[in-house]
2 protein chains.
Amino acid sequence: MARSEKKTAVRKAAAADEGNRRAELIRAAGRLFVDKGFDATTIRDIADAVGMRSGSPFYHFKSKQDMLKAVMIEGLTAALEAQQAAVAGLKDPEEKFRALVRSHLRIILEDHTEFPVLLYEWRALSDESRAEVIAVKDRYEAVWQPVLRELKKAGRIADDGKVARLLLFGALNWVVQWYRPGGGSSIEQIAERAIELFLCGKTDKR
Amino acid sequence: MARSEKKTAVRKAAAADEGNRRAELIRAAGRLFVDKGFDATTIRDIADAVGMRSGSPFYHFKSKQDMLKAVMIEGLTAALEAQQAAVAGLKDPEEKFRALVRSHLRIILEDHTEFPVLLYEWRALSDESRAEVIAVKDRYEAVWQPVLRELKKAGRIADDGKVARLLLFGALNWVVQWYRPGGGSSIEQIAERAIELFLCGKTDKR
DNA sequence: CCTACCGATCGGTAGG
DNA sequence: CCTACCGATCGGTAGG
């Protein structure tokens with residue numbers, strides 16, 4: 001009994017360790033993919049970043065493609081959680097909307113997230129991986145839908161259709177292209193401008 | 001005289017031919033860069049597309065980087081011309097704005113343009129090339145500035161600052177990511193939605 | 001997880 | 001513009 005307990009403990013510790021190394025790889029790969037792009041990042045770059053030899057990442061992932069998928073799903077999952085926390089307890093649709101915009105910008109711009117990889121390496125994903133990632137992405141976007149519908153009902157946005165939603169995401173996602181931390185505008189300021197742009201019928205309802 | 005005339009003619013024809021081949025390479029490279037990305041496109045792909053051998057593109061361009069720069073400047077120049085033609089003769093700021101939005105979407109979405117390369121391969125550009133491309137890009141964006149200022153004065157948009165302008169470009173540029181020809185929405189329909197989104201104070205000024 | 005390695009590919013060049 | 005080629009690098013694997 002004592003022996004099997006010990007064995008289980010060892011196995012658990014080993015499993016935790018493996019999970020940690022895997023998570024480290026995902027984080028390092030994410031950062032590199034964001035900075036240099038998927039194609040321009042080599043397995044050797046990633047291995048270096050976590051202090052491994054070039055062959056070792058393949059102990060944790062069966063291919064570079066597989067790492068990309070893992071990075072994206074990790075980023076999406078973190079985003080999904082942040083988003084749910086942001087709107088939790090809010091009732092007013094405009095407040096919810098403001099919270100979603102702010103949360104989305106933070107996820108995209110704060111540099112400890114792997115999320116932006118999703119935005120720019122979509123093309124590098126294999127067809128099979130893409131299907132898996134889309135499933136999580138749909139869950140993320142689904143949170144916006146009812147909020148937009150309520151805003152439409154309240155007359156605060158002109159349209160809540162698919163095109164309008166994609167234009168909105170575009171304006172927000174594009175920010176990764178030009179935002180520089182410590183630059184002209186803070187994340188909060190950009191969020192304010194964006195909200196103002198989308199809810200523009202706002203102040204002049206007499 | 002006859003001989004030197006002939007020589008000149010031959011030289012001119014040769015120069016034109018070289019220019020044609022160069023232009024063909026730019027077009028083929030542009031299409032491949034849009035479809036597969038800069039890194040994933042090989043010189044051999046490009047050479048194949050125009051019926052050359054793998055070493056020959058280097059007769060026209062000194063490096064792959066150089067081709068990328070040429071593709072971007074070509075795309076920007078075409079866009080600049082299309083844009084100027086679109087607003088020529090228009091007086092009303094709202095009309096000008098509508099024309100600019102439509103022109104921009106056409107340039108981005110109609111598949112004979114190299115413009116989208118600019119949007120997604122910015123990172124692949126070397127620092128030196130980037131400076132050259134930025135100069136042309138600034139001229140393109142400069143056309144929007146006075147139009148937005150007039151719209152602001154007329155109370156049709158909330159803000160004409162840098163952030164607002166970038167959010168606007170973001171919404172439009174992002175369309176490349178999801179637009180599919182023959183899909184749910186036409187370019188004109190998307191343009192309408194975008195204009196409606198940006199000029200949202202419009203219809204309800206009593 | 002490391003060592004040692006392989007096959008393939010890629011950007012680029014010399015010489016004509 | 002082609003032929004023939006090179007050096008470098010890269011994703012991935014076998015065997016421990």
Side-chain heavy atoms of B:Leu172 within contact of B:Phe198, under 4.5 Å: yes
Any non-hydrogen side-chain atom of A:Ile187 less than 4.5 Å from a side-chain atom of A:Val175? no
Electrostatic pair A:Lys137-A:Glu132, nearest N-O below 4.0 angstrom: no
Could you pull out the closest heavy-atom pair between B:Phe58 and B:Ser63, with the gap in Å? CE2-CA, 4.0 Å
Boundaries of the chain B footprint along DNA chain D (any atom under 4.0 Å from a heavy atom): D:dC1 to D:dT3
With side chains defined as the heavy atoms from C-beta onward, is the minimum distance between A:Tyr120 and A:Gln177 less than 4.5 Å? yes
Side-chain ion pair, A:Asp160 and A:Arg165, N-O less than 4.0 Å: no
Expected output is a numbered-order residue list: members of residues 51-67 of chain A with a heavy atom under 4.0 Å from any atom of DNA chain D. What is it? A:Gly55, A:Phe58, A:Ser63, A:Lys64
Indicate yes or no: at least one non-hydrogen side-chain atom of B:Phe38 is less than 4.5 angstrom from one of B:Val117. no
Do B:Phe169 and A:Trp178 come close enough that some side-chain heavy atom pair is under 4.5 Å? no
What stems involve DNA chain D, if each pair must be Watson-Crick or G-U and both of its distances must be under 3.5 Å, with 3 or more such pairs in a row? C:1-16 with D:1-16
What class does the angle between the rings of B:His104 and B:Tyr140 fall in, given that below 30° is parallel, 30 to 60° is tilted and above 60° is perpendicular? tilted
Has B:Arg27 got a side-chain atom pairing as donor or acceptor with B:His112's backbone, closer than 3.5 angstrom? no
